[in-house]
Amino acid sequence: MSDIAKKCYEAVGLGRFGSNSHPIHPATVHFPLAFLTLANVLNLLYGIVLYFPSNPFFSRDRENLSTLSILGYASNVLGIITSIPAVLTGGAELYAMIQGNGLYQTSEKGEKVLVPKVKIALLHAGLNDLVVAGAVFNWLQERNVADFRPAGYQVVMSAILMAVQMYAAYLGGELIYAHGVGVQRMGEAAKKQR
């Protein structure tokens with residue numbers, strides 16, 4: 001890797017500016033989490049209104065359905081757009097983690113196993129990529145439909161994607177709080193590692 005490319009990767013992907021080192025990935029995940037969660041919730045509300053017309057919360061008039069589907073579509077598009085920096089910086093962090101720790105370690109039984117935090121990071125990344133792929137699929141299905149109305153299977157898919165997204169976010173928190181990923185290279189933690 002050339003020196004300029006390496007400096008760009010470290011600055012943009014890892015947040016390393018001179019002696020300061022703060023990961024950028026945690027700052028980029030909030031918007032996609034919020035927008036994609038909102039998009040999935042709005043799709044679920046749309047499904048409740050459409051398929052359970054006797055619900056006590058929303059009437060089944062055309063305006064309610066259109067408003068839910070249009071807002072859900074807009075949130076989904078914003079979630080896709082804002083997920084790009086989250087995916088890129090997360091990939092950079094994962095690459096750096098694998099570079100620093102390797103993929104495998106030897107267990108007490110002498111078996112070759114994935115490094116625990118790398119295993120969690122790979123699952124976290126894979127699940128989040130699945131959620132973004134689902135959001136792109138929903139966008140492709142809804143973009144040419146009147147009022148961007150989701151189909152019934154998309155409502156079900158939104159429920160599944162929301163559960164997957166929440167578990168993936170939990171895994172991201174576990175990486176930080178249980179394994180110290182991203183915080184061990186800053187301040188006092190960085191000094192203790194040297």
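Along the sequence shown, residues carry numbers from 1.
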- Without swapping roles, check the side chain of S107 against the backbone of E111 for a donor-acceptor pair under 3.5 Å. yes
- Minimum heavy-atom separation for M157 to G134, with atom names? CE-O, 3.5 Å
- Query: Any chance CG of L140 has more than 12 other-residue heavy atoms, nucleotides or ligands included, within less than 6.0 Å?
  - Reply: yes
- Is it the case that more than 12 heavy atoms not belonging to Y177 sit under 6.0 Å from its OH atom? no
- Task: Classify the angle between the aromatic ring planes of H25 and H124 as parallel (below 30°), tilted (30 to 60°) or perpendicular (above 60°).
- Result: perpendicular
- Which heavy atom of F148 sits nearest a heavy atom of R143, and at what distance? CE2-O, 3.6 Å
- Message: If you compare all heavy atoms of G47 against all heavy atoms of V155, which two are closest, and at what distance to 0.1 Å?
- Response: CA-CG1, 3.9 Å
- Message: Give me the atom names and distance for the closest heavy-atom approach of E93 to I24.
- Response: OE2-N, 4.4 Å
- Which of I160, N40, L127, L130 passes side chain to side chain contact (heavy atoms under 4.5 Å, CB included) with Q165? Answer is N40
- Residue of the set V87, T82, L88 for which side chain to side chain contact (heavy atoms under 4.5 Å, CB included) holds with I84: L88
- Message: Just verifying a value: how many Å separate F137 CZ and L161 CG, rounded to the nearest 0.5 Å?
- Response: 10.0 Å
- Closest approach of Q105 to P116 (non-hydrogen atoms, all atoms of both residues): NE2-CD, 3.5 Å
- Over all atoms of both residues, closest heavy-atom pair of V115 and G102: CG2-O, 3.7 Å
- Consider only side-chain N and O atoms of E142 and Q154, and report whether a donor and an acceptor are under 3.5 Å apart. yes
- Note on the structure: Distance col, row I98:CD1 vs L103:CG, nearest 0.5 angstrom, shows 5.0 Å
- Item | Donor-acceptor contact below 3.5 Å, side chain N76 vs main chain A135 | yes
- Query: Linking I/L/V/M/F/W/Y whenever any side-chain heavy atoms sit under 4.5 Å apart, do V41 and L78 land together?
  - Reply: no
- Are L33 and I176 connected, step by step, through hydrophobic side chains (Ile, Leu, Val, Met, Phe, Trp, Tyr) whose heavy atoms are closer than 4.5 Å? no
